**Q** 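I have a structure I would like to understand better, so I am pasting it below and will then ask my questions one at a time.
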Number of protein chains: 2
Amino acid sequence: MHDDNRGPVTTSIKDLFINLDRAGPIPLYYQIAQRLQDAIESGQLPAGSRIENEVELADQLNISRPTVRRAIRELADKGMLVRRRGVGTQVVPGRLKRGVEFTSLYDALSLSGRSPTTRVLTREAVVPPAEVLEALALPPGTEVLHTVRLRYSEDVPFALLENYMPPAFLDLAVADLEKYGLYQLLRGRGVAMRVARQTIGARVATKQEADLFEQDPGSPVLTMTRTFFDQSGQAFEYGLNSYRPDMYAFEMTVVEK
Amino acid sequence: MHDDNRGPVTTSIKDLFINLDRAGPIPLYYQIAQRLQDAIESGQLPAGSRIENEVELADQLNISRPTVRRAIRELADKGMLVRRRGVGTQVVPGRLKRGVEFTSLYDALSLSGRSPTTRVLTREAVVPPAEVLEALALPPGTEVLHTVRLRYSEDVPFALLENYMPPAFLDLAVADLEKYGLYQLLRGRGVAMRVARQTIGARVATKQEADLFEQDPGSPVLTMTRTFFDQSGQAFEYGLNSYRPDMYAFEMTVVEK
DNA sequence: TATGATAGATTGTTTTTACAATCAGGTCGC
DNA sequence: GCGACCTGATTGTAAAAACAATCTATCATA
């Protein structure tokens, strides 16, 4: 092995953890996990490098071992660290591009430099089809907010976003929808997003989609339907999205448990 | 007044946990999590029902609170339970169809009653295109195993699976590939799967795909490319899959962290 | 009536301690 | 030389305890 692992194991790893805030509201394990993640993503802890063992680390930081363990576990759950009993913990070797989100919860595009713009095509209060009400767990006949938005990247439309939301959101304004993005707005209203159930598929574009995306009729679109639940289990969004497949794809990292 | 009845606390929850194996190799927290999950999926713990608080539960089971916590956390991470400080823990309300996997790691179809069959179209040792070698982190000129398989559901082909694997797997036999499925085979050889990076998209079918799927030329296909890494960070599979979109879609549950 | 304060319930964080299981590498015996 | 065994290193599991933060609901007060 050309790689000498027994000697200085990234000698200054301890320096990553100076100035931990023991009094503030942010948990210690979270601060540690955050700094580790930053170090990995910045290349300070290169792929494949080993990090010190838990006991040693806990000792050096004057933190209990369970707390250090929890921090390491957070990153291991995200697939950034690999641990093996009797051996140690190392940064996942290989080229998992950094800066990519791990959960596919948000549109990949908004994170990659380009800032998409949005135009609202429809904003209305309607009684939606039965399956929508069922997905939102609302009684038949309920009026909900129905929006259709078109999203552009550099003036080229690439996504058609159709959404239904419960009556509580009937007052969302078009201007806000175009300016802030849906999730940002909902979060601002105190919605605590928790779990989403989504289905990704493909089909032939509708006439409307073909027109909007400036594609030939019969060309393919990538689709995603999603129901989003908040903390209390209440569905607060049902979405039917379609994407121009040559401009959009879903990337995700999956971790085997 | 020893029993305050604010909500249906499923009085007999304790019965779920009889006969825990304290001596065996399966961790206690895992056993508890497993039984909870079974109870939820079987409907014994209906959606929205509350489960007893940690302290009480730990007490009744004669298990320490951290162990109970860990079990509950496993399910909360999967999005099956929702916890709120000061309030309690409840089964996620709403109709997350049970029996669906949560990670999208495996083909959804294999779990839904139908047992797909597989035919091997190609099995050869080749020097693959540069991008494949790069994805597998192998030096230029390396010979790898290249397979193309067609997967059927009830005699109808719905997936075309093209895979590249490192030289260690050059001896995989066609018969085994048709009988066991790739991941089962790899696991049997001691490969410890850990993280996968995958991209889901759509495009127009190639002529081969249109022929195999018995679709018109120009019809859409759903695609997924995936690189799979084992525990040591070594890539052991690079796959380029395409699916008939009217027969296949990716379902997943995403949990906000 | 409305509003603010308080108390109880419940999960969240942290520490300390102990032992178990697994892995890598070296040693000993053959 | 080679396998069996041992040993040290490291992560995994479990328990007990204490205190913090947050939510609900009730009660007191303006």
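Owing to the predicted nature of the structure, the values given are computational and were not obtained by experimental measurement. Convention: sequence-line order gives letters A, B, ...; per-chain numbering from 1.
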**Q** Would you indicate, yes or no, if D:dA15 has its OP1 or OP2 atom less than 4.0 angstrom from a side-chain nitrogen or oxygen of B:R22?
**A** yes

**Q** Are B:Y29 and D:dA14 close enough that a side-chain N or O sits under 4.0 Å from OP1 or OP2?
**A** no

**Q** Not counting sequence neighbours, which residues clear ring pair (Phe, Tyr, Trp, His ring centres under 6.0 Å) with B:F236? List them please.
**A** B:F228

**Q** Does any part of the side chain of A:I40, heavy atoms only, come nearer than 4.5 Å to the side chain of A:V92, both counted from C-beta?
**A** no

**Q** Using modelled atom types only, decide if a donor and an acceptor are shared between the side chain of A:Q198 and the backbone of B:M252 within a distance under 3.5 Å.
**A** no

**Q** Taking atom P of C:dT13 as reference, at what distance in whole Å does atom CG of A:D21 sit?
**A** 15 Å

**Q** For the residue pair A:R123 and A:T147, confirm or rule out a side-chain donor-acceptor distance under 3.5 Å.
**A** no

**Q** A:E52 has an atom CD; how far is it from atom C1' of D:dT10, in whole Å?
**A** 13 Å

**Q** I'd like to know whether A:D21 forms a side-chain hydrogen bond (donor to acceptor under 3.5 Å, both in side chains) with A:Q31, so could you lay out the CA-CA distance, the side-chain angles of the two residues, the decisive distance to 0.1 Å, and finally the verdict.
**A** CA-CA 8 Å; A:D21 179 10; A:Q31 295 181 49; 5.1 Å; no

**Q** Check DNA chain D against residues 67-75 of chain A and give the residues with a non-hydrogen atom under 4.0 Å, in numerical order.
**A** A:R69

**Q** Closer to the 5' end of DNA chain C via nearest nucleotide, is it A:I26 or A:R65?
**A** A:I26

**Q** I need the CG-P distance between A:N62 and C:dT15, as an integer number of Å.
**A** 9 Å

**Q** Could you give the CZ-to-P distance, from B:R84 to C:dT11, as a whole number of Å?
**A** 12 Å

**Q** Any heavy-atom pair between the side chains of A:L182 and A:L161 that's under 4.5 Å?
**A** no

**Q** Say whether B:Y183 and B:E237, considering side chains only, have a donor N or O and an acceptor N or O under 3.5 Å apart.
**A** yes

**Q** For nucleotides 3-9 of chain D, give me one character per nucleotide, 5' to 3': B if any protein heavy atom sits under 4.0 Å from the base, S if the only such contacts are to the sugar-phosphate, - if neither.
**A** ------B

**Q** Can you check the A:L57 CG to C:dT15 C1' distance for me, whole Å?
**A** 16 Å

**Q** How long is the line joining CD of A:E54 and P of C:dT22, in whole Å?
**A** 16 Å

**Q** Regarding A:P66, tell me which of base, sugar-phosphate or nothing describes its non-hydrogen contacts under 4.0 Å with the strands shown.
**A** base

**Q** Distance check needed: D:dT11 C1' versus A:Q90 CD, whole Å only.
**A** 14 Å

**Q** Between A:D59 (CG) and D:dT11 (P), how many Å, whole number?
**A** 13 Å

**Q** Within the side chain of A:R35, is there an N or O that forms a donor-acceptor pair under 3.5 Å with the backbone of A:I18?
**A** yes

**Q** Return no unless some side-chain N or O of A:R83 is found under 4.0 Å from OP1 or OP2 of D:dT10.
**A** no

**Q** Heavy atoms only: give me the nearest B:P167-B:L138 pair and the separation to one decimal.
**A** CD-CD1, 4.1 Å

**Q** By nearest heavy atom, map B:G24 and A:P27 onto DNA chain C; which one lands nearer the 5' end?
**A** A:P27

